[in-house]
2 protein chains.
Amino acid sequence: MNESSHSSMSSSFLPPKCGTVEETETQNETVTAGFHNMSPELLQQLVYDALVWSSLHGLVVGDRSVQRSGMIPGVGMVHAPFALLPMVFPQSHWQQACELAPLFNELVDRVSLDGKFLQDSLSRTKKVDIFTSRLLDIHSKMLEINKKEEIRLGLHRSDYMFDAQTNLLFQIELNTISSSFPGLSCLVSELHRNLLRHHGEHLGLDPTRIPANNAVNQYADALARAWNEYNDSRAVIMIVVQTEERNMYDQHWLCFTLKEKHDVTVIRKTLTEIDAEGELLPDGTLLVCGQAVAVIYFRAGYTPNDYPSESEWRARLLMEQSSAIKCPSISYHLAGTKKIQQELAKPNVLERFLENKDDIAKLRKCFAGLWSLDDSNAVKNAIKSPELFVLKPQREGGGNNIYGDNVRETLLKLEREGTEELAAYILMQRIFPTAASAFLVRDGICHQDHAISELGIYGAYLRNKEKVIINDQCGYLMRTKVSSSNEGGVAAGYAVLDSIYLN
Amino acid sequence: MNESSHSSMSSSFLPPKCGTVEETETQNETVTAGFHNMSPELLQQLVYDALVWSSLHGLVVGDRSVQRSGMIPGVGMVHAPFALLPMVFPQSHWQQACELAPLFNELVDRVSLDGKFLQDSLSRTKKVDIFTSRLLDIHSKMLEINKKEEIRLGLHRSDYMFDAQTNLLFQIELNTISSSFPGLSCLVSELHRNLLRHHGEHLGLDPTRIPANNAVNQYADALARAWNEYNDSRAVIMIVVQTEERNMYDQHWLCFTLKEKHDVTVIRKTLTEIDAEGELLPDGTLLVCGQAVAVIYFRAGYTPNDYPSESEWRARLLMEQSSAIKCPSISYHLAGTKKIQQELAKPNVLERFLENKDDIAKLRKCFAGLWSLDDSNAVKNAIKSPELFVLKPQREGGGNNIYGDNVRETLLKLEREGTEELAAYILMQRIFPTAASAFLVRDGICHQDHAISELGIYGAYLRNKEKVIINDQCGYLMRTKVSSSNEGGVAAGYAVLDSIYLN
């Protein structure tokens, strides 16, 4: 979609003045809920109210332009970027996504137990991606010493986009490590519900059609119950963090909830600190700074940048060797890689892990086309019609995906060179979500633009030796971004937080 | 007190590291609650927790160093400066201050009805202070047209300091307009209670000894009940604001509470906007932007800076002429001036307004020595011992007070010149509060220093033609600042928000 074909409008954040009502240009297409009933006056009021609400309720992030904002809580805060109104989303697809959460929870758990499958599937990736290689090394060591994780905690988020051409919901990726925004996503749902309670009549919108979002409480519950399974009342939950983190308030909401609701002590440590302060007792107990750690919750460690030296890898290994409950374990982490996603999409692979045919069918239905570059047919198609494909490097973090003509160029180059590098990528069917008019609020300023959304469904899974204790869908994250920057995924680039309006 | 005689210590805000425990230097004197039990490790943890709590719970202000932070909500936020722990305060004096609130509420109301007293008392001030003069002009006009305020709403705050030499509580001033921090002061009490709930055992402190602070709810209730008395369900509450306001979140908490608990619409307008958009109907109804205004709540208009042109004075007059309930009316505003405070302290003046001898005695007990510069005896004493006096200009806003040798110099100068200017000042007994060791947190950094505190008690008063509807003490504001900057009042300069710990 060509951005220049649509007028983009900035709105002042000041309280509405009288006598400034103008016609809003509306378009005959899918739109943000309430869009058509929006006068400029009402728009200004909504933006102002939303900014105030965010400030009072901790819907905040560290401001990039303030130096200490990623290090020190309480300084350099700015409201988290948000969509002013929830995005319309079909009830049936919402239901579908929710139902998938426990299935993916179960699948990840089963896959994690199949060490050979993980090692085999990633064996070629290992040769070309040093990061995956290091993770696999730790995984191998655990296989060698026959390390068992009897209590297993998964806090996943499965991300979907709705494809307008096929009318289907497709999984973009499954995050098994460091799923972000359980805290702030709940607040955005609450923000939208609050705006609709006060202005819903004017907008023709019903606040009850924004689904409840309880991610932060359910994540906190799962962490607390895992802590409880570990069964040492003096032990703490350790959150592994990056040195600088502008999204710290999202994490703080989770820690705050843990402390207030469950009275569990949470400590924050970087990988470097864990290497310096961590110690393994003979019985497997992990001590950090002298405190026994019951649960390790990773909000770092998912990207090569988090391992600038051997120190951080030592810390990762130390944790993996311990009896602490790891969220995620190295196996859970690997089970969430793109290569495994692609392997699971192959015929008859899901059947290795799950028995129930209905469950398998449900999972498969949300799989987009996924191919390794060994698949010469897929590669041929992608060279012919690159606009229908996304080339995804195994490397973590959005923004590295390859689109359009670059798909063709990269594939041709890889073919010419015939290198091992082929294994560093997977090919994915490109998804074409519907663009909708939306109001995106960032840095106190509201822009109207055409936007696309990605729905993340949080899942929590906990089991011990005997039984599954938790296997739930728990809340959601909607992210919306300007559609002209659509490169097949919303996570990359500047997405704003959003919620959904069921229709 | 000489600041350099005490070590000042800055504490990092980062989560505590292990192995960094050092001895804290303690002094044998009055201290912040819990001070003696504080290890550097615990201190770091408390600071970190407090910064997180503030960010998540809207205990924030606009950051001076960010340009738009006084204009646009949600940008350039920083935690409000706060004391890390509550200040110890004697139970008996707390009780005394609370009991005074309804008496001052009543006194202001009685004084406001005596137009002649206000005009006469301020007649000399009028000649030298143009701001008071303009207020008196409006007041005269209202007397001329015999304007009655049948529904009267007062939201006051009486500020006290505890004098260590006499062991008495003295009133510093009575704010009858724009009493700030009803929102944030409640949050600081909650912050301290939260810290004590989690760390109170280590500190030897009991969270229940921090008195409940319900200022924001009670202020909102009073505004809502006034709105209700006005009896027009379509009318709004208008908050008169400054163009730039870094303390906007304090105001937003009040407006948010009004909206959520009472479903009353609140609009924010500057005096300039009210002049442009306001209109008086023949029946006295004030329309602003076409909306009838039931209650006008001033958070601006108390300083000459808020009236840069005739436009703002027109707005003030327009509001005063209307039937809207003014918080405060011009009479309430004038009843809170320093000159009136000094007049009320004269013998037999309280007796003009109140009947109950006990009430009169209670009020008088908290009056510090207050003299006009007509009192040659007082002036002589002040020239002789200037360190025992504060010279206060009638002008509003702290920071203008004169202390120490400057008292002598100014008095001698005024005597030499023999001008009318004498009437622009009052003399007040200087109060010597106990300095206590405290941790002051500002901009993410904790400083240990010797500090003094000022206690403000909020009062709410509402009556209609028939009866008093509300006459309550409602919450409190504790403000603490470095004692070396003590110039007889905490409000001036950089005070941090605090709460109290009863002993």
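The chains referred to below are lettered A, B, ... by the order of the sequence lines, with proteins before strands, and numbering in each begins at 1.
Note that CG of A:Asp63 and OG of B:Ser69 are 11.0 Å apart. Values are rounded to the nearest 0.5 Å. In this structure, CG on B:Leu56 lies 8.5 Å from OG1 on A:Thr257, to the nearest 0.5 angstrom.
Using a 4.5 Å heavy-atom threshold, the side chains of A:Lys259 and B:Arg197 count as separate. A:Ile445 places a side-chain heavy atom less than 4.5 Å from the side chain of B:Arg68.
In terms of non-hydrogen atom pairs under 4.5 Å with chain B, the most contact-rich of A:Thr265, A:Asn194, A:Val441 is A:Asn194. Most heavy-atom pairs under 4.5 Å with chain A, from the set B:Cys255, B:Gly58, B:Gly74, B:Ala276: that is B:Gly74.
The environment of CD in A:Gln67 is sparse: at most 12 heavy-atom neighbours from other residues, nucleotides or ligands sit within 6.0 Å. Within a 6.0 Å sphere centred on CD of A:Glu201, other residues, nucleotides and ligands contribute 12 heavy atoms or fewer.
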Exercise. Under the side chain to side chain contact (heavy atoms under 4.5 Å, CB included) rule, what do B:Gln251 and A:Val52 come out as? Steps first, then yes or no, please.
Key: CA-CA 10 Å; B:Gln251 301 172 357; A:Val52 167; over 6 Å; no

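Below 30°, between 30° and 60°, or above 60°: for A:His57 and B:Trp253 the angle between ring planes is between 30° and 60°, a tilted geometry.
Heavy-atom distances place the side chain of B:Val60, and not its backbone, under 4.5 Å from chain A. Contacts between A:Phe256 and chain B at a heavy-atom distance below 4.5 Å involve the side chain alone, from C-beta outward.
Of the residues A:Met77, A:Met248, A:His252, the one that meets the side chain to side chain contact (heavy atoms under 4.5 Å, CB included) test with B:Ser55 is A:Met77.
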